[in-house]
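Take a look at the structure below.
We number each residue from 1, following the sequence as shown.
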Amino acid sequence: MHKQKELRLMIQNIALKTKEETLILSRKGRKSNWLMDLREVLLDSSALDLVTDLFWEKMSVYFPFQIAGEELSSVPLIAALLQKGEQKGFSTNGLIIRKERKKSGLCKKIEGELKNLPILLVDDLTNGASAFLNMYETLKMEGRSVDYFFTIVDFENPKGKELIREKSVKYFSLFKLSDFGLSLNKAKKKKSRLRYFEAKRKMNTSFSNPDFFYQNIYDGFIRKKPEKYLFLTENASLISLNLTKKKNELLYDSKISLPQIKKTNLIFDQKKKNAYFFIGSSELACFSFSEKQIKWSIGINNLRGKIQESANFLVYSEEKGEEKKLSLKVIKKNNAELFFEKHFTGEVSYFIVQEMLFIYDSTELTTLNFNNLLEETLLKTKEKGLKLLGVRSNGEKIFMQAKNRILIYNIDQQIIFDEEFAFIKSFFIDDEILCLTTLEKQFFLYKNNELEKKLLLPTAQVNKFYRKNECLYFSSDYGIFLIELNSLKKFCILRTVEKIISFQIVSDSEIIVHLAGNQLSYFTFHEAESSSTYN
C-alpha cells in the first residue's frame, strides 16, 4: 500500500494538469478544466519503477503471458516491464502494435515476435477503449485472442468498460479516476439515430500484394455485354476482374517489377478506354483496353511522383526531397510528347480543371491554359500558409485551406467564405456544396456558402468521401456509411470484422471493399426492416 500511495501522489504532482496552471484545449478547441498526461509519469525513472513493481505484484499470479501495447505511450512501459520481470524471474517477450501499418521496410503492424502464450495488453489509461479495440482487432487478424488488459488509470467510462467486457477480457487497473477526486462529464449526449442496411457478400477473392492496388468500376466497354469490371494492378501485372462472372483476366504483364505503382500514379482516362501507369522507374505508359497492349510510352527520369489527368493531357508531378522542390510535366496523351515543364521551390499545391492547370505558390495563384500555353495570375494573397484545395467553375470559386480554416475566393479575389473548424479530418467540394468532417465526429454541409446543417457522425475515423447522385459515402476502419444530402439522414451500409482499407461504390446497392488480409469482397446491400440506435 505504501508503493500505491506513493505512486498516486506522483501522478497527482506530475501528470495532473489544471486550467489554473496552463491552458488546456479539448479536441473541439474549447478550454478544459484538467488533463492527465501519464506519458510524463512513464518518462520519470522513479515513477516508472513504482509502476512496474505494482504491475508484477498484481499480475504475477497470471504468469506466463506476453506483454503487448500500442505505440506511443506503451513503448517505455513495456520496455520497463520486461526488464523488471527479468529481475523478478518472470522472463517474457514484448510486442508493440502500431496504430497504422508501416508503409515501408517489412510493412509490419506488430513489432516483436508473437509467441504461443496468453496475451496481456497494457496502456497508460483507458477512457473510450479505442486503443484497446485497435490492439484486440489487430491480434484477432493474426488468429490470436486477448486474455488480460492492464492500465495505470481507469477513467471509469461506461462505454469503454462495456467494450472490454464484450470481448471477454479480464481488466485490471492500479487506480480509478475517482481516486484523484475527478470524474468524467456525465451530461447526457443526444443520441444519433442511425439506420442500418443489410449486406450480402457475393464474391470474395485475394491478391498477393494489396499495396499495389487500384480500383475503379466501369460498365462493360471491353465487351458488348453490360458486365461490370474491376481493374487493378498486382506486382507486374494489370488485371481485370469480371464481377458478373467472378473471373480474373490478365490484361498486361510487364515481366519486370513495378515498385512505383500506387493509387496515385495509375489512372484510367475519362473515356474509359486506356490506363496510364509507370513501368519500372523511368517510363510512363498508356495501355489500350481494346487492343490489350501498350499503346505508347515515354521516358521520364526518376519516376516517383503521381499522375493526374486533364481532358487531353497528363500532368506528372514530382516532389524532390526536403527542399520541397516540385517539378510539373504536362504530356500530350495522343502522341506522348512532353508539352510543358516547370520547376518550383517551396510549398506548392496545384489543381487541374479540364484544360486548365491552377498552381498556388507561396502567396500567388497562377493558371496555365494547355490550349495556348498562356500563364495568368488569378489571385494574390498576403496570407501565408495557404493550400489550394480545389477550383470550381473554371476559376470562379477558389477553395483554400489554412490549418483549420477554409476560405473561398471568387473570381474578383474577394473572400466569400471564411470559417474556422476544430481539427479538420476530411472534406469534399463540388460546384454546389462544401462538406467537411472534424475529429470530433462533426459533419458540416454548406450550400451557397451558408451552413445548411451540422450533424454528429457515427465515427471520427472518416476516410475520403465518394459522392454518387445525392449521397455521400465514407468509411471508418470497420464500417461503411452514407449520408443523404437532401435529408441528411445517416445510414450504415456495412459492418466488418476485418479492417477496411478502401472501397468503391458500384451502384446504389453494390459495393466493392478492399479488406485487410488481402481480401477483395463484392457486396450487395438493401435497407434493413428495423433500425438501430448508435451512440
Side-chain angles (χ1 to χ4, degrees), residues 264 270 305-320 322-331 339-438 444-452 464-465 467:
T264 54
Q270 295 168 345
K306 63 180 180 179
I307 312 170
Q308 290 186 347
E309 183 197 17
S310 74
N312 297 302
F313 299 90
L314 295 175
V315 179
Y316 167 68
S317 63
E318 178 185 10
E319 287 189 9
K320 298 181 179 180
E322 297 179 357
E323 298 177 5
K324 296 292 184 182
K325 291 183 178 179
L326 180 73
S327 176
L328 286 175
K329 297 177 176 68
V330 180
I331 299 163
F339 181 70
F340 173 82
E341 185 172 5
K342 192 168 183 178
H343 304 278
F344 301 89
T345 300
E347 294 290 341
V348 179
S349 51
Y350 66 97
F351 202 82
I352 301 166
V353 180
Q354 296 179 349
E355 301 296 318
M356 299 286 289
L357 175 64
F358 296 83
I359 308 166
Y360 185 74
D361 184 5
S362 184
T363 59
E364 187 172 287
L365 180 68
T366 59
T367 65
L368 170 69
N369 191 316
F370 293 151
N371 293 320
N372 53 24
L373 284 185
L374 179 65
E375 289 188 75
E376 180 183 357
T377 299
L378 188 65
L379 174 69
K380 286 187 177 182
T381 65
K382 294 182 179 179
E383 187 167 1
K384 295 184 178 180
L386 290 178
K387 180 182 178 181
L388 179 65
L389 296 182
V391 180
R392 291 294 180 265
S393 302
N394 286 332
E396 292 182 8
K397 281 185 180 181
I398 304 162
F399 294 81
M400 311 287 281
Q401 181 178 359
K403 293 185 178 179
N404 287 311
R405 285 171 59 209
I406 299 292
L407 301 93
I408 303 177
Y409 290 84
N410 64 13
I411 199 169
D412 297 322
Q413 303 187 21
Q414 296 177 336
I415 296 178
I416 57 177
F417 180 85
D418 187 352
E419 289 271 357
E420 185 169 0
F421 302 88
F423 302 99
I424 295 173
K425 174 69 176 176
S426 57
F427 63 88
F428 176 88
I429 55 175
D430 65 12
D431 286 328
E432 301 175 354
I433 62 172
L434 163 66
C435 301
L436 60 88
T437 68
T438 71
F444 297 87
L445 171 63
Y446 286 85
K447 288 185 178 180
N448 299 320
N449 308 327
E450 296 291 336
L451 179 62
E452 181 78 10
K464 185 178 179 180
F465 283 111
R467 183 178 182 182

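Put simply, the side chain of N410 gets close to the backbone of D412: a donor and an acceptor are under 3.5 Å apart. Although no hydrogens or angles enter the test, the distance criterion places no donor-acceptor pair under 3.5 Å between the side chain of E341 and the main chain of S327.
Two residues are said to be in side-chain contact when any heavy atoms from C-beta on lie closer than 4.5 Å; Y409 and L365 fail this criterion. Contact annotation: the side chain of F444 never approaches that of I424 to less than 4.5 Å [non-hydrogen atoms, C-beta and beyond]. Two residues are said to be in side-chain contact when any heavy atoms from C-beta on lie closer than 4.5 Å; V391 and T367 fail this criterion. The closest side-chain heavy-atom distance from F465 to T437 is below 4.5 Å. Proximity of L368 to L373: side-chain heavy atoms (C-beta onward) are separated by under 4.5 Å at one or more points. Under the 4.5 Å side-chain criterion, counting only non-hydrogen atoms from C-beta, F370 is in contact with V315.
Rounding to the nearest 0.5 Å places CD of E419 at 9.0 Å from CG of L436. Here CG of L389 is found 8.5 Å from CZ of F399. Values are rounded to the nearest 0.5 Å. Between the NZ atom in K342 and the OG1 atom in T366 there is a gap of 5.5 Å [rounded to 0.5 Å]. The CG atom of D361 sits 9.0 Å away from the CG atom of L326 when rounded to the nearest 0.5 Å. The structure places CG of L407 at 4.0 Å from CG of D418, a figure rounded to the nearest 0.5 Å. Note that the CD1 atom of I359 and the CD atom of E364 stand 10.5 Å from one another [nearest 0.5 Å].
Ring geometry, F313 versus F339: the interplanar angle falls from 30° to 60°, so the pair is classed tilted.
Within 6.0 Å of NZ on K387 lie no more than 12 heavy atoms contributed by other residues, nucleotides or ligands.
What you find for K447 and I433 is that their closest heavy atoms are CG-CG2, 3.6 Å. Contact between F428 and R467 at its shortest, heavy atoms only, is CZ-CB, 3.4 Å. Of all non-hydrogen atoms in L379 and I398, the two that sit nearest each other are CD2-CD1, 4.3 Å. Annotation for I352 and E309: closest pair CG2-O, 4.0 Å, computed over non-hydrogen atoms. Across T438 and F421, no two heavy atoms sit closer than the pair CG2-CB, 4.4 Å. Summarising the geometry of S349 relative to L388, their closest heavy-atom pair is OG-N, 2.9 Å, with the distance given to 0.1 Å.
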*Determine, step by step, whether L328 and Y350 satisfy the side-chain contact (heavy atoms from CB on, under 4.5 Å) criterion, reporting the C-alpha distance in whole Å, the side-chain angles of both residues, the deciding distance to 0.1 Å, and the verdict.*
CA-CA 10 Å; L328 286 175; Y350 66 97; 4.0 Å; yes
